[in-house]
Amino acid sequence: MSETNIDFTKEINIEKQYSPKEIESRIYDLWLKNESFKASDVSTKPPYAVILPPPNVTGFLHLGHALDHTIQDVLVRWKRMSGYNSVWVPGTDHAGISTQSVVEKNLAQEGILRTELGREKFVEKVWEWKNQYGDRIVSQMKRLGNSCDWDRMTFTLDEGVSKAVRKVFVNLYNKNMIYKGLKLVNWSPKLETAISDIEVEYKDVKGKLYHLAYPLEDGSGEIIVATTRPETMLGDTAVAVHPKDKRYSKWVGKNLVLPLTQRKIPIIVDDYVDQEFGSGAVKITPAHDFNDYEMGLRHNLPMINILNPNGTLVEGYGAFSGLKSQEARKKIVEALEEQGVIKNIENHAHSVGHCSKTGVIAEPFLSEQWFLKMNELSKPAIRSVESETTKFIPESWTKTYMHWMHNIQDWCISRQLWWGHRIPVWNCQDCQHVNVSEDDLTICQKCKSKNLVQDSDVLDTWFSSALWPFSTLGWPNNTEALKTFYPTNVLVTGHDIIFFWVARMMMQGLEFIKDVPFRTIYIHGLIRDSQGRKMSKSLGNSVDPVEMIDQVGADALRIALMSQLNTGKDLKFSEQRLETYRNFMNKIWNATRFAFIATEESHLDGKTFSDVSSKSEISVFDQWIVFKLGQVMESVDHDLENYRFSDAVNTLYSFLWNDFCDWYLEFSKPTLYSKDSALEKEKMATSLVLFQTLGRALKLMHPFIPFITEELYSKLAVKDSKILCTSEYPTMKNNKNLLAMGSKDAWEEVELLKLVISSIRNIRGENSIPLGQEILAHVVPKDEKSQKILSFHKTLIMKFCKLSEINFDDRTNKSKCAVSPLSFSGSSLEVIVPLEGIVDIDEEIKRLQKNIEKVKKDINILNQKLGNENFIKNAPEDLVESDKILLKEAEMKFRTLQESLNRLS
RNA sequence: GCGGAGUUAGCUCAGUUGGUAGAGUGCCAGCUCGACAAGCUGGUUGUCACAGGUUCGAGUCCUGUACUCCGCACCA
């Protein structure tokens, strides 16, 4: 470790209030200039790798990103400081549908239609758009403080990634795992493209159930069928009944006449039909319903497509043709009613699939698409989680993952879009050969014809995302980066994309690299507003993180988010909490300011970060804070190791604020401000310990609040490196020398002192004795050790409690006195404050009564426990013993309090 | 219907093997004590959702109930 000494300067140009704005941009530039975030492909250090879930390239940072990114940044910074070759690989996603829609909308405003522009020109426009806005999200990520290795920045349409995509496609095609087929898929009529099953969101809708009567061809009767979508009757190709349904058995095999079209359709039997529901007869529309589709396949029924890609009715249905399905429904219902076909309409709640991107109703639509077979791919992905080669945190997500994996369906990977990875398939117009190739083709591989046309579809965005953990590391080349960083350590993401992304990365990683893409999957909750509602534009409750950063700084936002992060639950965002941590930043700022104001330059001359004195030379307060510091290091290490971010934040918060500022800095003031030249040595020691402790605290907090800690660290008089973010993260191990200065004895001594001080302050506070009024106090220890400690710290107690005088002997006349009996670690003592002439004793009577009630309650509980034979018999011995001591102490306190109450009233 | 998470102070949440319920924030009172009013000091706040059970002892373990949230499936 290199030891650098920065000249200590007494010139304090630190403002009273922390203003993050100027500091943050300066500090981020400093990191970039020093290449602090760069990781090496080849290193002797152990690797630690995190791949950023790539945000939409034309998107902007929202609060969810802020949370997701901060978690990753904390981990990556922590590991970087802990001696790892720590890399965070950034990237952005082309986000096929979203980006295409945005650009299309934008062009439409200029009066330009995508279809008029043509594919090539349109894609050019999207690239222009990407180049214009692609940096916005990156600069926002930098404002948040993300310590990405920017040289590794990847875009999903980069050449390398595209190569990977094609290689994967061709490879899977050659293994017969990718196939093209005419199948019923989910379709977005607005986007006019197929979407995958998981891109459909089911919402409960209050609809109607229409009962239609279809007459038999031979006039022998009619069958009532029920439907929520009457317009689909145009595509009916059968009516199905249950094979055991006696009501219909006589008609099975006969034909019905479909109203409006007069088409003849058969009555068939199928087990799928529920006899109990409706009339027990189901109209079958194989081209527009998934269940009907399956039945159509089973019974070899014709599949009549009645919809155009944009959701309007196809030609051939007269006035209905060209209508959107909702209008068509209205008109068709009217027509059917006229003909007396509709027997009944009732209200019916059911859930309807909507396109998750646009919110329009998703239509089951018969079309030719590319599919990836998932069954074989899912097997190793299941095994890897079962064997805990990859672990979910929290573990409960394992079940969700498994359930989906076990019920996995083939994935529709083609999209009828222009923006994305075009499917690497060239169809020969002469010999009809399907050429599948990693390279662009101009000649048919079979007949050498030049008459080739590339498949017009692009791949689902998630197809390239699924390769992200290895495509970003250089695959298909066997790069050093891939060898070093794959499998990555942890994937951090929200639970909303476990199926879309996490599961698919697992499958592709195992298929192509033969190893899991990450060892741990950390799933965090989603951010909601202060009332627990989802954040959305329409509700107007979404919060712009950049605006928050402008207001309170990135650090405050980061630590506020992390302070709420536990057990993967969703978290409610509140600006109040943000303010709390803004204040915390200010506290840290001013604590450091104090360090400069209160210490003298000469005391730190030549001193280094790891210089320590001997225990005998530093004060008991120094020993106390160092002891606490050790505990903090241990606890934070444990919390980070176990992804307990809020615990780590709480530990650091209370150490810095309560232990360091409230007590240690106050304890150190009498020494530091002393003009007594005999105290020079103590001053020196305290100055050093103060700076050393502060330095460690800044380091410990750095992963959470990188900007302010880096800024303050740079000003420190003693430190062990120039740049905090690449310095060593403090642990019990690497701070052995310093921590050896801490001691348990010192801890006990100071805790006793704190107890006495607090109890006198309590008497002051409860009796409303103003600070300006000095008072007399008696502190009566019942044993020699406490006696020694307390008299040693006599002046300090007087200063802390604003006493005119302090006595350590028992006061003989305790009338008109406030009395507090105390016990600590086996010692007991009394604090007595004479109140005569100072305050009205009514308040003191109230205080005593309150304390008596409390002690009485304690005594009752303890008596009950200790009076219980079974407790004595069964409870651990040391518990029984400590309870006995507690009881004794409580009884003593009770007597003391009661006596002083008697004297007062 | 299946699965998951939850219910603890006014609010946001901790509570690791069972051993007298915690923090922050808010609220009340008093303070320009030589870093910080974005501060200091003191105080206030609970039928741990409900009902049973196991146990000497349950916020914690078991069973059931109610409510909230989130997935998935079904829905002619």
Side-chain angles (χ1 to χ4, degrees), chain A residues 12 14 16-18 202 204 207 209-211 225-229 239-240 272-274 277-285 289 291-292 348-352 394 396-397 399-400 403-404 407 495-496 498-499 525-526 528 530 532 552 563-564 566-574 576-577 579-580 582-598 642 644 646-647 650 653-654 661-662 665-666 669 673 758 761-772 799-800 802 847 850 857-858 860-862 864-865 868-876 879-880 882-883 886:
Chain A
I12 320 286
I14 305 183
K16 267 193 173 186
Q17 267 194 11
Y18 171 52
Y202 288 88
D204 285 331
L209 191 61
Y210 302 84
H211 297 263
V225 293
T227 179
T228 52
R229 298 166 63 203
V239 165
Y272 160 77
V273 181
D274 177 2
F277 191 94
S279 62
V282 193
K283 67 190 263 309
I284 304 299
T285 324
D289 180 279
N291 288 313
D292 293 7
H348 182 71
H350 60 135
S351 78
V352 177
S396 55
W397 291 108
K399 264 204 155 167
T400 308
H403 182 256
W404 190 71
N407 295 286
H495 55 72
D496 49 340
I498 291 178
F499 306 147
L526 309 178
R528 299 172 172 282
S530 56
V552 300
S563 76
Q564 262 187 290
N566 37 46
T567 62
K569 277 190 291 191
D570 286 356
L571 43 102
K572 290 178 194 164
F573 180 82
S574 81
Q576 190 177 294
R577 188 174 276 259
E579 207 179 301
T580 302
R582 193 261 326 244
N583 295 352
F584 183 46
M585 297 305 102
N586 199 44
K587 190 73 180 175
I588 298 168
W589 185 258
N590 279 293
T592 309
R593 240 182 109 236
F594 168 81
F596 286 104
I597 291 167
N642 292 288
R644 311 213 34 136
S646 62
D647 288 354
N650 286 335
Y653 183 95
S654 85
C661 290
D662 289 348
L665 293 186
E666 296 302 325
K669 277 178 185 174
Y673 285 137
S758 299
R761 282 174 172 174
N762 170 272
I763 292 172
R764 280 197 96 105
E766 295 260 56
N767 286 293
S768 300
I769 304 170
L771 264 184
K799 184 177 159 59
F800 271 55
K802 294 272 175 208
R847 190 186 72 94
K850 200 170 61 190
K857 216 174 115 194
D858 289 352
N860 270 339
I861 291 168
L862 288 165
Q864 233 169 46
K865 271 171 96 172
N868 184 336
E869 243 177 75
N870 286 318
F871 175 71
I872 306 289
K873 222 165 42 188
N874 294 319
L879 184 73
V880 177
S882 70
D883 276 355
L886 284 176

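In what follows, chains are A, B, ... by sequence order, proteins preceding strands, each numbered from 1. Values below: all heavy atoms of this structure, side chains included; hydrogens, waters and symmetry mates excluded.
The interatomic distance linking A:Lys569 (NZ) with B:U7 (C1') rounds to 9 Å, in whole Å. The interatomic distance linking A:Lys572 (NZ) with B:A5 (C1') rounds to 14 Å, in whole Å. The interatomic distance linking A:Phe573 (CZ) with B:U12 (C1') rounds to 13 Å, in whole Å. Look at CG on A:Asp570: it is 18 Å from P on B:G4, rounded to the nearest Å. Residue A:Ile498 contributes atom CD1, which lies 11 Å from atom C1' of B:C70 at whole-angstrom precision. Rounded to whole angstrom, the span from the CZ atom of A:Arg528 across to the P atom of B:U12 amounts to 13 Å. As a whole-Å value, the separation of A:Asp662 CG from B:C31 P is 20 Å. In this entry the distance linking CZ of A:Phe800 with P of B:G42 reads 12 Å, nearest Å.
Among the protein residues, A:Arg582 comes within range of the nucleic acid bases, having at least one heavy atom under 4.0 Å from a base atom. Residue contacts for A:Arg644: at a heavy-atom cut-off of 4.0 Å it reaches the sugar-phosphate backbone alone, with no base atom in range. Residue A:Ser574 is classed as having no contact, given no heavy-atom separation below 4.0 Å to the nucleic acid. Among the atoms of the strands shown, only primed sugar atoms or phosphate atoms (P, OP1, OP2) are found under 4.0 Å from some heavy atom of A:His403. Backbone-only engagement by A:Gln564 is indicated by non-hydrogen atom pairs under 4.0 Å involving sugar-phosphate atoms exclusively. Looking at heavy-atom distances under 4.0 Å, A:Thr228 makes contact with sugar-phosphate atoms alone, never a base. Nucleic acid contact for A:Asn566: sugar-phosphate only, since backbone atoms but no base atoms lie under 4.0 Å from a heavy atom of the residue. Within the nucleic acid shown, A:Lys587 comes within 4.0 Å of at least one base atom, counting heavy atoms only. As judged by a 4.0 angstrom heavy-atom cut-off over every strand, A:Glu666 is placed among the base-contacting residues. Heavy atoms of A:Asn407 sit nowhere under 4.0 angstrom from any nucleic acid atom.
Residues that satisfy the salt bridge (charged side-chain N to carboxylate O under 4.0 Å, His left out) test with A:Arg644, not counting sequence neighbours, are A:Asp647. Scanning for side chain to side chain donor-acceptor pair (under 3.5 Å) contacts around A:Arg847 gives A:Asn762, A:Ser820, A:Glu844, with sequence neighbours left out. Partners of A:Phe573 under the ring-ring contact (aromatic ring centres under 6.0 Å, His included) rule, at least two apart in sequence or in another chain, do not exist in this structure. With sequence neighbours left out, the salt bridge (charged side-chain N to carboxylate O under 4.0 Å, His left out) criterion links A:Asp883 to A:Lys865. In this view, A:Asn407 and A:His403 satisfy the side chain to side chain contact (heavy atoms under 4.5 Å, CB included) rule, not counting sequence neighbours. In this view, A:Lys857 satisfies the salt bridge (charged side-chain N to carboxylate O under 4.0 Å, His left out) rule with no residue, not counting sequence neighbours. Residues passing the side chain to side chain donor-acceptor pair (under 3.5 Å) test with A:Lys587, sequence neighbours excluded: none. A:Glu666 meets the side chain to side chain donor-acceptor pair (under 3.5 Å) test with A:Lys669; sequence neighbours excluded. Residues that satisfy the side chain to side chain donor-acceptor pair (under 3.5 Å) test with A:Tyr272, not counting sequence neighbours, are A:Asn291.
One C1' atom belongs to B:C36, the other to B:G43, and the distance between them is 23 Å to the nearest Å. Spacing of C1' atoms, B:U20 relative to B:G15, comes out at 15 Å, to the nearest Å. Only the P atoms considered, B:A21 is 15 Å distant from B:A49, to the nearest whole Å. Look at the P atom in both B:C28 and B:C33: the space between them is 23 Å, to the nearest Å. To the nearest whole angstrom, the two P atoms, one in B:G6 and one in B:U60, are 14 Å apart. With P as the reference atom, B:G24 and B:U41 are 12 Å apart, rounded to whole Å.
A distance-only check finds no donor-acceptor pair linking the side chain of A:Asn590 to the backbone of A:Arg593 [under 3.5 Å]. Within the 3.5 Å criterion, the main-chain N or O of A:Ser646 finds no donor-acceptor partner in the side chain of A:Asn566.
Between A:Leu571 and A:Ile872, it is A:Leu571 whose nearest contact on RNA chain B lies nearer the 5' terminus. Residues A:Tyr18 and A:His495 both approach RNA chain B. Their nearest nucleotides, taken by heavy-atom distance, put A:Tyr18 toward the 5′ side.
Listed candidates were B:A35, B:C31, B:C13. Nearest to the side chain of A:Lys669 is B:A35. Across B:G39, B:A35, B:A73, the shortest atom-to-atom separation from the side chain of A:Leu665 is found for B:A35. With distances taken from any side-chain atom of A:Thr400 to the nucleotides B:A14, B:G71, B:U41, the minimum falls on B:G71. Distances from the side chain of A:Phe499 to the nucleotides B:A29, B:G71, B:A5 place B:G71 closest. The side chain of A:Asn583 has B:G39 as its nearest neighbour among B:G39, B:G15, B:G42.
With a cut-off of 3.5 Å on both pairing distances, the Watson-Crick and G-U wobble pairs of RNA chain B assemble into stems of 3 or more at B:1-7 with B:66-72, B:10-13 with B:22-25, B:27-31 with B:39-43, B:49-53 with B:61-65.
The shortest distance between the side-chain N/O atoms of A:Lys873 and the OP1/OP2 oxygens of B:C56 is not below 4.0 Å.
Ring orientation note: the planes of A:Phe594 and A:Tyr673 are nearly perpendicular, at an angle over 60° on the 30°/60° scale. Using bins of under 30°, 30° to 60° and over 60° for the plane-to-plane angle, the ring pair A:Phe277/A:His348 lands in the perpendicular bin.
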Would you tabulate the pairs of protein nitrogen or oxygen atoms and nucleotide nitrogen or oxygen atoms of nucleotides 43-47 of chain B closer than 3.5 angstrom?
residue	atom	partner	partner atom	Å
B:G43	OP1	A:Asn762	ND2	2.8

Give every pair of a protein N or O atom and an N or O atom of nucleotides 19-24 of chain B that lie under 3.5 Å apart, one pair per line with the distance.
residue	atom	partner	partner atom	Å
B:U20	O2	A:Asp858	OD1	3.3

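Summarising the geometry of A:Gly525 relative to A:Asp570, their closest heavy-atom pair is CA-OD1, 3.4 Å, with the distance given to 0.1 Å.
Side-chain to base pairing of A:Glu579 with B:A38: no donor and acceptor N or O lie closer than 3.5 Å to each other.
Residue-nucleotide stacking is present for A:Tyr673 and B:G34, judged by a side-chain ring centre under 5.5 Å from the six-membered base ring centre and planes under 30° apart.
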Worked verdict on A:Ser574 versus A:Lys572 for side chain to side chain donor-acceptor pair (under 3.5 Å):
CA-CA 6 Å; A:Ser574 81; A:Lys572 290 178 194 164; over 6 Å; no
